[in-house]
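The basis for the numbers below is simple: all heavy atoms, side chains too, and nothing from hydrogens, waters or symmetry mates.
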Amino acid sequence: MTDYKLLAAQIKVLAEDEPNFIPVLSNASALLYDNMEDLNWAGFYLMDKGSLLLGPFQGKVACIRIQLGKGVCGTAAGNDETQLVANVHEFAGHIACDSASNSEIVVPIHKDGKVVGVLDIDSPSLNRFNEEDKAGLELVVKTLEEVIDFSAVSFN
């Protein structure tokens, strides 16, 4: 069982000295990847030129750019809604960046009420994520939204 409150607290402490999005998201992806079981990818996509651009991550090689409304990440960002997908192969328009991924959860990240990116986590197992993971990862994202300084980034 993942202790999401502890992960959120660790992220908060790690961001105290340097709130720039690159080191914070880098450390957050490492914490999630190391502390959650049965993952093959944990990382971030950030809004850039109207689509999602690959950000800091842990795991296998990933898609570089994802259009809004496309795949699980693009759907989460486009609809501003967490996507919890038990079987990605049954998700209409799924983008197979890694054919080993079978389930996925994606949580939108906000700044000033706008989606600026997503947290994306993949597993090689079907039905890996549940409502407890959803609530916990939404807590982690809320913490990221509070501690990250996105002021140097243009999310156009």
Side-chain angles (χ1 to χ4, degrees), residues 2 4 7-36 38-85 88 91 93-124 128-129 133-156:
T2 303
Y4 291 105
L7 289 175
Q10 289 173 317
I11 289 168
K12 190 171 187 176
V13 169
L14 287 167
E16 284 178 353
D17 290 333
E18 180 53 68
N20 181 285
F21 75 100
I22 294 173
V24 176
L25 294 180
S26 296
N27 279 329
S29 64
L31 279 171
L32 291 166
Y33 195 78
D34 287 343
N35 287 282
M36 293 179 73
D38 198 23
L39 302 184
N40 59 335
W41 205 87
F44 300 90
Y45 282 90
L46 300 170
M47 290 299 300
D48 176 72
K49 301 175 186 167
S51 62
L52 293 167
L53 181 65
L54 180 63
F57 73 93
Q58 300 285 312
K60 299 185 178 196
V61 171
C63 297
I64 294 173
R65 191 170 292 274
I66 299 173
Q67 299 303 314
L68 293 182
K70 303 289 184 186
V72 182
C73 289
T75 299
N79 295 346
D80 191 7
E81 183 175 59
T82 298
Q83 300 293 304
L84 193 159
V85 182
V88 296
F91 188 91
H94 173 251
I95 301 168
C97 298
D98 177 5
S99 62
S101 293
N102 286 308
S103 61
E104 185 170 5
I105 186 166
V106 180
V107 182
I109 303 168
H110 304 89
K111 178 185 183 238
D112 300 330
K114 294 181 180 179
V115 175
V116 295
V118 296
L119 164 61
D120 178 22
I121 302 183
D122 296 358
S123 172
R128 162 59 183 87
F129 306 104
D133 294 307
K134 179 178 184 264
L137 292 169
E138 287 174 344
L139 172 66
V140 166
V141 165
K142 185 176 193 276
T143 301
L144 290 168
E145 291 169 345
E146 292 170 358
V147 300
I148 290 178
D149 177 6
F150 281 121
S151 63
V153 184
S154 173
F155 294 102
N156 296 326

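- Between Arg128 and Asn102 there is no side-chain heavy-atom pair separated by less than 4.5 Å.
- Residue Pro56 comes nearest to Ser26 through the heavy atom pair CB-OG, 3.4 Å, listed as atom of the first residue, atom of the second, then distance.
- Looking at Gln83, its side chain never comes within 3.5 Å of a backbone N or O of Val72 through a donor-acceptor pair.
- Within the model, atoms CG of Asn20 and CG of Leu25 stand 9.0 Å from one another, a figure rounded to the nearest 0.5 Å.
- For the atom pair Cys73 SG and Leu52 CG, the distance stands at 6.5 Å (nearest 0.5 Å).
- Side chains of Ile148 and Ile109 form no contact here, defined as non-hydrogen atoms less than 4.5 Å apart.
- Across every non-hydrogen atom of Pro124 and Leu39, the tightest pair is CD-C, 4.0 Å.
- Closest of all the heavy-atom pairs between Leu68 and Ala77 is CD2-CB, 3.6 Å.
- We find that Lys142 and Glu138 are not joined by a salt bridge, their nearest charged nitrogen and carboxylate oxygen being 4.0 Å or further apart.
- Residues Val115 and His110 are in side-chain contact: their nearest non-hydrogen atoms beyond the backbone lie under 4.5 Å apart.
- Rounding to the nearest 0.5 Å places CG of Leu32 at 10.0 Å from CD of Gln10.
- The distance from atom NZ of Lys111 to atom CG of Leu144, rounded to the nearest 0.5 Å, is 15.0 Å.
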TODO: Go through the steps to decide whether Asn27 and Ile11 satisfy the test side chain to side chain contact (heavy atoms under 4.5 Å, CB included), and finish with yes or no.
DONE: CA-CA 8 Å; Asn27 279 329; Ile11 289 168; over 6 Å; no
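- Among all heavy-atom pairs drawn from Ala76 and Val106, the shortest one is CB-CG1, 3.5 Å.
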Report the C-alpha distance between Tyr4 and Asn35 in whole Å, list the side-chain angles of each, state the deciding distance to 0.1 Å, and finish with yes or no for side chain to side chain contact (heavy atoms under 4.5 Å, CB included). CA-CA 9 Å; Tyr4 291 105; Asn35 287 282; over 6 Å; no
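- For the atom pair CZ of Phe129 and CE of Met36, the computed distance is 5.0 Å after rounding to the nearest 0.5 Å.
- Taking the salt bridge (charged side-chain N to carboxylate O under 4.0 Å, His left out) definition, one finds that Lys12 meets it with nothing, sequence neighbours left out.
- Taking the side chain as every heavy atom from C-beta outward, Asn40 and Ser101 approach each other to under 4.5 Å.
- You'll find the side chain of Leu54 reaches within 4.5 Å of the side chain of Tyr45, heavy atoms only.
- Taking every heavy atom of both residues into account, Tyr33 and Trp41 meet most closely at CE1-N, 3.8 Å.
- Note that the CZ atom of Phe91 and the OG atom of Ser103 stand 13.0 Å from one another [nearest 0.5 Å].
- Within the structure, every pair that satisfies the side-chain hydrogen bond (donor to acceptor under 3.5 Å, both in side chains) test and touches residues 64-79, not counting sequence neighbours, is listed here: Asp48-Arg65, Ser51-Arg65.
- Inter-residue side-chain proximity for Leu137 and Val141 is flagged as unmet; no heavy-atom pair is nearer than 4.5 Å.
- Inter-residue side-chain proximity for Val107 and Thr82 is flagged as met; some heavy-atom pair is nearer than 4.5 Å.
- Between Ile64 and Leu53 the shortest side-chain heavy-atom distance falls below 4.5 Å.
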